[in-house]
Amino acid sequence: SRSPTPMKLRDAPSACPSLWRCLPCPPAELRLDLVLSSGQSFRWWESSPGAWTGVLGGRVWTLRQDGDRLWYTVYGEEDEHEEEQQGGCPAKAAKLDAAETDRILRDYFQLDVGLSALYRAWGAADPLFRKVANDFPGVRVLRQDPVECLFSFICTSNNHISRITAMIERLCQAFGRRLCCLDSRPFHAFPSLSALTGADAEARLRALGFGYRAKFVSGSARAIAEGLGTEGLCQLRTEPYAEARRVLCALPGVGAKVADCVCLLSLDKAEAVPVDTHVWHIAQQRYGVALGGKSLTPRAYQEIGDFFRGLWGPRAGWAQAV
DNA sequence: AGTGTGCCTGGGAT
DNA sequence: AATCCCAGGCACA
Ligand SMILES: [Mg+2]
Ligand SMILES: [Mg+2]
């Protein structure tokens, strides 16, 4: 039985305060706008000025930062009893209580990591960082779901942000569980691993405009399903950086850069420094890193990562996000 | 082992 | 208006 009244997007707590909660969170610790539009995640949308709507932990949320508070609201799921879970994880979504939603948000934004102290340390070690940090406070690394992060970043290689975002949107629409509709716009969960292992997955992805990445997505889904599984992928959080990176690089469509993105943004490897062409140029021009050659070779990639780890320390990946 | 090349797609430049 | 160019790399040879 479908809900008789369609749900609407919520804009701010003022209209209906009882549907919102908040966490203490000063702008120096988190700048929601910078973090959610920085290209770490592709699934947040500024639904109205200052309000960010997206999917997290199988629920649709709207977030808003107001001074020292991070406000949030979680939307109810439609047709819960009709949904069949295809994967191994029977996430029978009971109504989330306030303590649980608080925990999910604190975990996603890693609010237990004090950013102010890290900014001070990076700035003390690096004058160039000080300059940038002034304009970009509160930029922190999200702790994303490993499956979403992996398949999203497989889509980023040799691609444009605008197209990446559109591709991932279509991926969720076609393969992800529908969660709810807000202002008649449907929201879908990121697909489970098993949703991407079907025999026709590659063809369907091609039809969605994935190009040659269709084979990478379906191939990596297969490889993980037949290998370590979703659980094993998540277990890489407890493995050393080098091991996680090695396992990821064995997947089709995953090389050093994508692996480092997944390590940093979903597997708790704060020392991972994803090096793209932009970072490569910065390292040479602004930091004077001496590297022969006119292409980003594996050796140069390693050297640049080592350089920034030496400069910024064990959370170099966090500093680079700024 | 370290390099060079081609690649789906589509928005912006020419 | 067509065509070129190339972007958050990667897999191959
Ligand atoms: Mg390139
Ligand atoms: Mg690989």
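Chain A is the first sequence line, chain B the second, and so forth, proteins listed ahead of strands; every chain is numbered from 1. Remember, it's a predicted structure, so these values are computed and weren't measured experimentally.
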- Item | Nucleotide dC7(B), atom P - distance to CZ of Arg163(A) in whole Å | 15 Å
- Task: Check whether NZ of the Lys or CZ of the Arg Arg64(A) lies under 6.0 Å from the centre of the six-membered ring of Trp20(A) and within 45 degrees of that ring's axis.
- Result: no
- Message: Any donor-acceptor pair, under 3.5 Å, between the side chain of Arg213(A) and the base of dC10(C), if you only look at N and O atoms?
- Response: no
- Task: Could you tell me whether Phe42(A) and Phe153(A) have their ring centroids closer than 6.0 angstrom?
- Result: yes
- Atom-pair distance (NE2 on His160(A); P on dC8(B)), nearest Å: 16 Å
- Atom-pair distance (CG on Asp276(A); P on dC6(C)), nearest Å: 17 Å
- Counting Watson-Crick and G-U wobble pairs only, both distances under 3.5 Å, name the nucleotide matched with dA11(C), or none. dT5(B)
- Query: Contact class for Gly253(A) vs. all strands (heavy atom < 4.0 Å): base, sugar-phosphate, or nothing?
  - Reply: sugar-phosphate
- Message: Classify Val258(A) by what it touches in the nucleic acid, base, sugar-phosphate, or nothing, heavy-atom distance under 4.0 Å.
- Response: sugar-phosphate
- Tell me which of Tyr212(A) and Thr297(A) sits closer to the 5' end of DNA chain B, going by the nucleotide each one is nearest to. Thr297(A)
- Task: Have a look at Ala256(A) and say if it touches a base, only the backbone sugar-phosphate, or nothing, with a 4.0 Å heavy-atom cut-off.
- Result: sugar-phosphate
- Message: Any base atoms under 4.0 Å from Pro252(A), or only sugar-phosphate, or nothing? Heavy atoms, all strands.
- Response: sugar-phosphate
- Note on the structure: Taken to the nearest whole Å, CZ/Arg299(A) to P/dG4(B) is 13 Å
- Between dC8(B) atom P and Leu171(A) atom CG, what is the distance in whole Å? 19 Å
- Can you tell me, in whole Å, how much space there is between the C1' of dG11(B) and that of dC10(C)? 22 Å
- Task: Look at the side chain of Tyr301(A) against the base of dG9(C) and say whether a donor-acceptor pair falls under 3.5 Å; ignore hydrogens and angles.
- Result: no
- Task: Sticking with atom C1', work out how far dA11(C) lies from dG10(B), rounded to a whole angstrom.
- Result: 23 Å
- Query: Between Asp260(A) and Lys257(A), does a salt bridge (charged side-chain N to carboxylate O under 4.0 Å, His left out) hold up when you go through it step by step?
  - Reply: CA-CA 5 Å; Asp260(A) 276 336; Lys257(A) 200 271 188 171; over 6 Å; no
- Does a side-chain heavy-atom distance below 4.5 Å link Ile304(A) with Trp280(A)? yes
- Item | Enclosure of Arg69(A) CZ (heavy-atom neighbours >12, cutoff 6.0 Å) | no
- Determine the interatomic distance between P on dC5(C) and the same-named atom on dT5(B); round to the nearest Å. 16 Å
- In whole Å, what separates the P atom of dT3(B) from that of dG8(C)? 25 Å
- Query: Counting only side-chain N and O atoms of Thr156(A), is one of them less than 4.0 Å from OP1 or OP2 of dG9(C)?
  - Reply: no
- Query: Any idea which of dC8(B), dG8(C), dG11(B) is nearest the Asn158(A) side chain?
  - Reply: dC8(B)
- dA7(C) C1' sits how many Å from His281(A) NE2, rounded? 12 Å
- In whole Å, what separates the P atom of dG9(C) from that of dA1(B)? 26 Å
- Donor-acceptor pair (no angle test) under 3.5 Å: Lys257(A) side chain, dG9(C) base: no
- Determine the contact category for Leu205(A): base if any of its heavy atoms lies under 4.0 Å from a base atom, sugar-phosphate if only primed atoms, P, OP1 or OP2 are that close, otherwise nothing. nothing
- Message: Under the ring pair (Phe, Tyr, Trp, His ring centres under 6.0 Å) test against Trp61(A), which residue among Tyr108(A), Tyr72(A), Phe187(A) passes?
- Response: Tyr72(A)
- Item | Whole angstrom value for the distance that separates P of dG9(C) from CG of Leu248(A) | 18 Å
- Query: Can you tell me how far P of dG6(B) sits from CZ of Phe216(A), to the nearest Å?
  - Reply: 16 Å
